[in-house]
Peer 1: 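Can you read through this structure? Questions will come right after.
Indexing begins at 1, ligand by ligand and atom by atom, following the structure's order.
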Amino acid sequence: MCGIVGYTGPRPVLPLLIGGLRKLEYRGYDSAGVALQTGVELVVAKAVGRLSCLEERVAGIPGDGFLAGMGHTRWATHGRPSDINAHPHGDCRGRFAVAHNGIIENYRSLRERLRGSGHHFSSETDTEVIPHLIEEAYRGDLASAVRSVAGLLRGSFALVAMAASEPGLLVAVRKDSPLIVGLGDGENFLASDIPAILEYTKSCYILDDGELVVADQRCVEVQDLTGRVRHKPVFQVPWDVAVAERGGYPHFMLKEIHEQPQAVRETLRDRIKEGELALDEFGLDGDAARALRRLHLVGCGTAYHACLVGKYLIEKLARLAVEVDLASEFRYRDPMVETGSLLVAVSQSGETADTLAALREGKRQGARTVAISNVMGSSITREAGSVFYTRAGLEQAVASTKAYVTQLVALMLLAVDLGAKRGTVPEAERAELIEAIQKLPELAEEVLKLAPAIDNLARQVAQWEDAFFIGRGLDYAVALEGQLKLKEISYIHAEAYAAGELKHGTLALIVERIPVIALATQPPVLDKMISNITEVRARGGRIIAVCSNEEELAPYADDLILLPACHPLLMPVLAVMPLQLLAYYAAVHLGCDVDKPRNLAKSVTVE
Ligand code: F6R
């Protein structure tokens, strides 16, 4: 969500900024802009739409001859997507430029006050107050001005500022929105995420909240908001440019779907040793596991769907009460979190504002906290008591796939571990589950071989206006994820229901040829599921069944997606993959922008 790139150094600044923004496109945006510093003045260009629109707009500007610059991709929050509302924003006389990610919650009162003292605003954004505040505070030192302005702002921000009168200088500050500093030799970078700078350096500082950076081409200084210098460890990025590219696939999403077996393998590496779980990362020894009375799982969107699977598994295997909350609801419902309970925050990016706030609420109420995240050094991982890293690798498509399955694996491991430590999973069952978990990567490879058949099926799906997904138990949680994937990238209206719920209302919508994707992978409820499928068929609904039992389901299905046999509790990992592929191919057949669906952002750093 919004992207920032800043550069100071000898390279041609304009192409570097545009290239960096391109690497951040996956975060989601609706307009883009750059500000370039000549040493005397600031040149600003902005355009609504894709980066190609900005490229057209800057076609007449030479790439080099600038000392520093900043680029921004905007995902609209305050003010519609437009040229004027795109960042960077300036003050009254064009002496300062600011690019900002986040939301300034008190912008209305600040704007009123600034207007009262004669400032003119040209955009509808919250951000524009910042350059005007800098204009007011500036006494020849940009760092001091930004420091004092940061003290006036409420909300979340990662912002970069430049002054026309301080050649080659970038000043940035962070609160609740990610920002990194790339360290080069005779050049330095700022960015909201690593891919933007990876081509140039793998050494960076990951800024903490309340840190301000003063950077020119020779030196980078990190300070706190009182101006005291902070000495930070240099973070070495463990992956390279090739990992961040599409590797021959037409879209990141398809690449990431096919990376799932490897992502699961990596997530399991060293966590199962000679048939035993080695899960110190959850920070729970036997006594702590036995003492637990309640566990909270929080996440948003796809991560929330992973939490629903986690609830089912943990309650079943560890006989521990689990509450699952949408992180965006958690702190507003006055939740009861007993001291000593465990709160697990699940977040691919580790930056989701709502999940971070839920984690903080859990901590405030005395819970132990664990993060399950895919991004090292992200905000949620830094604030949680313990961290379990999924090792899905960089996920760039907005629609989460490989991160989701690794979240499932993390929660499966946690459930088995808790069950073993609490004595609720007999030894033989534990060994059977661990063996089955280790087979998941191979089974996932088998499932992905269905891709061509699913591509065929997706041609029909692309004609649909509506789709229903049904399932029971774990299959219901997977149905929810399947419908989210379909609607977010193909824009086909989709809904998921617990199969037994249909007859309590939604069956009214099932008429001739209405497509229903029925997940039927759970033997204990297979008969019930078949009854629900027949209810749909009796009203003319068209069934696509996802199952591992051809004999039982074939008589009831118009189409069958057959999964390999697997332990039923682990089925969600396999069952979701055909649904991801179905959504992907349907979106491709409809000509949708698969990796960057409309209105969505990869990392949702605002509430
Ligand atoms: C959907 C999707 C989102 C995210 C959600 C939480 O495909 O990716 O629903 O799961 O925005 O993001 P993280 O996991 O980064 O907290």
Peer 1: Closer than 4.0 Å to some heavy atom of G301 - which atoms of ligand 1 meet that?
Peer 2: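 Matching atoms, with element in brackets: 9 (O).
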
Peer 1: Of all residues at least two apart in sequence or in a different chain, which pass the side chain to side chain donor-acceptor pair (under 3.5 Å) check with E495?
Peer 2: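 Only H493, Y497 meet the side chain to side chain donor-acceptor pair (under 3.5 Å) criterion with E495.
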
Peer 1: Going by side-chain contact (heavy atoms from CB on, under 4.5 Å), name the residues that satisfy it together with D193, two or more places apart in sequence or in a different chain.
Peer 2: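 Here the qualifying residues are L24, Y26, R27, P195.
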
Peer 1: Heavy-atom contacts with A303 under 4.0 Å: which atoms of ligand 1 show up? List them by number with element.
Peer 2: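 Those qualifying, in numeric order: 10 (O), 14 (O).
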
Peer 1: Should you measure from each heavy atom of Q348, which atoms of ligand 1 turn up under 4.0 Å away?
Peer 2: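 So the atoms of ligand 1 that pass are 13 (P), 14 (O), 15 (O), 16 (O).
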
Peer 1: Would you say ligand 1 has an N or O under 3.5 Å from any N or O of T352?
Peer 2: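 Indeed, backbone or side chain, T352 has an N or O that close.
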
Peer 1: If you measure every N or O of K602 against every N or O of ligand 1, does any of those distances drop under 3.5 Å?
Peer 2: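 No, there is no polar N/O contact under 3.5 Å.
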
Peer 1: Classify the side-chain pair H87/N101 by whether it contains a donor and acceptor separated by less than 3.5 Å.
Peer 2: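 No, no side-chain donor-acceptor pair sits under 3.5 Å.
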
Peer 1: Could you identify the single nearest non-hydrogen protein atom to atom 11 (O) of ligand 1 and state the distance to 0.1 Å?
Peer 2: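 Here the closest protein heavy atom is V604 CG2, 4.0 Å.
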
Peer 1: Could K311 and D325 be called an ion pair, given the rule that one side-chain N must be under 4.0 Å from one carboxylate O?
Peer 2: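 D325 and K311: not salt-bridged.
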
Peer 1: Below 4.0 Å from any atom of ligand 1, is there a heavy atom belonging to H305?
Peer 2: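 Per 4.0 Å heavy-atom rule, H305 does not contact ligand 1.
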
Peer 1: Considering only non-hydrogen protein atoms, determine which one is nearest to atom 15 (O) of ligand 1 and report residue, atom name and distance to 0.1 Å.
Peer 2: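 Of every protein heavy atom, S349 OG, 2.6 Å lies nearest to atom 15 (O) of ligand 1.
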
Peer 1: Yes or no: does V398 have any heavy atom under 4.0 Å from an atom of ligand 1?
Peer 2: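 True for this residue.
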
Peer 1: Would you mind running through ligand 1 and noting each atom that sits below 4.0 Å from a heavy atom of E488?
Peer 2: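 Listed by number with element, the hits are 1 (C), 7 (O).
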
Peer 1: Within this structure, what is the CG-CG distance for the pair L159 and L153, rounded to the nearest 0.5 Å?
Peer 2: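 With rounding to 0.5 Å, CG (L159) is 7.0 Å from CG (L153).
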
Peer 1: Tell me the protein heavy atom at minimum distance from atom 9 (O) of ligand 1, and give that distance in Å.
Peer 2: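 That would be T302 N, 3.1 Å.
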
Peer 1: A quick test of your reading: do over 12 heavy atoms of other residues, nucleotides or ligands sit less than 6.0 Å from CG of D270?
Peer 2: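 Buried by this count: over 12 neighbours within 6.0 Å.
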
Peer 1: Can you pull out the closest protein heavy atom to atom 5 (C) of ligand 1? Residue, atom name and distance to 0.1 Å, please.
Peer 2: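 Nearest neighbour among protein heavy atoms for atom 5 (C) of ligand 1, to 0.1 Å: C300 O, 3.4 Å.
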
Peer 1: Should the ring pair H251 and Y584 be called parallel, tilted or perpendicular, given that the plane angle runs from 0 to 90° and is split at 30 and 60?
Peer 2: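 Taking Y584 first and then H251, their aromatic rings stand perpendicular (interplane angle over 60°).
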
Peer 1: Taking the six-membered ring for Trp, is the centroid-to-centroid distance between H305 and Y404 below 6.0 Å?
Peer 2: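 Distance test on ring centres: not under 6.0 Å, no.
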
